[in-house]
Student: 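Quick one: structure below, then a few questions.
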Amino acid sequence: MSQEQGITLLHLPHDAGYRLVELPPELESLLESDAAPVLTLESSESAAVLKTADKSYAMRQKNTSNALFLISPSTPSSNPQPGLSIISTIQETVELDAVPESTVNRGPLKDTGSKGKWHERFGKNR
């Protein structure tokens with residue numbers, strides 16, 4: 001008979017909340033370089049904006065249908081065999097969308113006279 005060996009998996013969540021950020025390839029290579037830029041976060045009317053010296057990215061939360069587990073190596077005291085601990089379950093990620101420079105410092109939006117969605121106006125006049 002063969003003996004099966006498995007990996008012990010424990011659920012030991014931390015109190016800290018985690019979010020995964022999907023980095024565009026150009027930002028990833030910038031951050032991995034020797035001269036990594038300083039990143040700043042600013043707010044806008046529609047989203048948070050992550051800025052480098054020459055580019056801006058709108059931050060957008062995305063929910064995932066499949067949860068991701070953030071794991072860490074562990075050695076439980078009751079079992080000397082090493083295992084894994086789930087320290088967080090992640091159901092949302094943050095996506096970065098490049099913001100065109102023409103819209104970054106444009107100032108407040110101007111009033112175009114639009115009074116809402118066309119179907120809302122249509123329904124009121126019926």
Student: With a sphere of 6.0 Å drawn around CG of L41, does it hold more than 12 non-hydrogen atoms of other residues, nucleotides or ligands?
Tutor: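 More than 12 within 6.0 Å, yes.
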Student: For residues S74 and L84, report the shortest heavy-atom separation together with the two atoms involved.
Tutor: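 Scanning both residues completely, I find the closest heavy atoms to be OG-C, 3.6 Å.
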Student: Should K51 and E42 count as an ion pair when the cut-off is N to O under 4.0 Å?
Tutor: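 Salt bridge between K51 and E42, a charged N being under 4.0 Å from a carboxylate O: yes.
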Student: Find the distance between CZ (R19) and CD (E92) and round it off to the nearest 0.5 Å.
Tutor: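 CD of E92 is found 4.5 Å from CZ of R19.
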Student: Out of curiosity, E26 CD to T52 OG1, how far, rounded to the nearest 0.5 Å?
Tutor: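 Separation between the atoms: 9.0 Å.
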Student: Side chain of T64, backbone of A67: donor and acceptor closer than 3.5 Å?
Tutor: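 It does not hold such a pair.
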Student: Taking the side chain as every heavy atom from C-beta outward, state whether L20 and E22 have any atom pair closer than 4.5 Å.
Tutor: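 No, every pair of side-chain atoms sits at 4.5 Å or beyond.
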Student: Could you check if a side-chain atom of N66 sits within less than 4.5 angstrom of a side-chain atom of L68, using non-hydrogen atoms only?
Tutor: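 Result no, sub-4.5 Å side-chain heavy-atom pair not found.
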Student: Knowing that exactly one of V99, L27, T40 qualifies, which makes a side-chain contact (heavy atoms from CB on, under 4.5 Å) with L50?
Tutor: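 When V99, L27, T40 are each tested with L50, the side-chain contact (heavy atoms from CB on, under 4.5 Å) holds only for L27.
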Student: With a 4.5 Å limit on heavy-atom distance, are the side chains of Y18 and I87 in contact?
Tutor: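 Yes, their side chains come closer than 4.5 Å.
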Student: Can you confirm whether Y57 sits close enough to V49 that some side-chain heavy atom of one is under 4.5 Å from a side-chain heavy atom of the other?
Tutor: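 A side-chain contact under 4.5 Å is absent here.
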Student: Evaluate the criterion side-chain contact (heavy atoms from CB on, under 4.5 Å) for residue pair L96 and L23; output intermediate values, then yes/no.
Tutor: CA-CA 6 Å; L96 299 179; L23 297 176; 3.8 Å; yes
Student: Taking the side chain as everything from C-beta on, heavy atoms only, tell me whether I86 gets closer than 4.5 Å to L10.
Tutor: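 I86 does not reach L10 side chain to side chain.
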Student: Output the distance between atom OG (S85) and atom CG (L12), rounded to the nearest 0.5 Å.
Tutor: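 The distance works out to 4.5 Å.
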Student: Taking the side chain as every heavy atom from C-beta outward, state whether L31 and L39 have any atom pair closer than 4.5 Å.
Tutor: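 In contact.
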Student: Assess the residue pair H11 and T89 against the criterion (side-chain contact (heavy atoms from CB on, under 4.5 Å)); give the C-alpha distance rounded to whole Å, side-chain angles, the decisive distance to 0.1 Å, and a yes or no.
Tutor: CA-CA 10 Å; H11 189 255; T89 303; 4.0 Å; yes
Student: How many angstroms lie between CE in M59 and CG in D97, if you round to the nearest 0.5 Å?
Tutor: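 Those atoms lie 11.0 Å apart.
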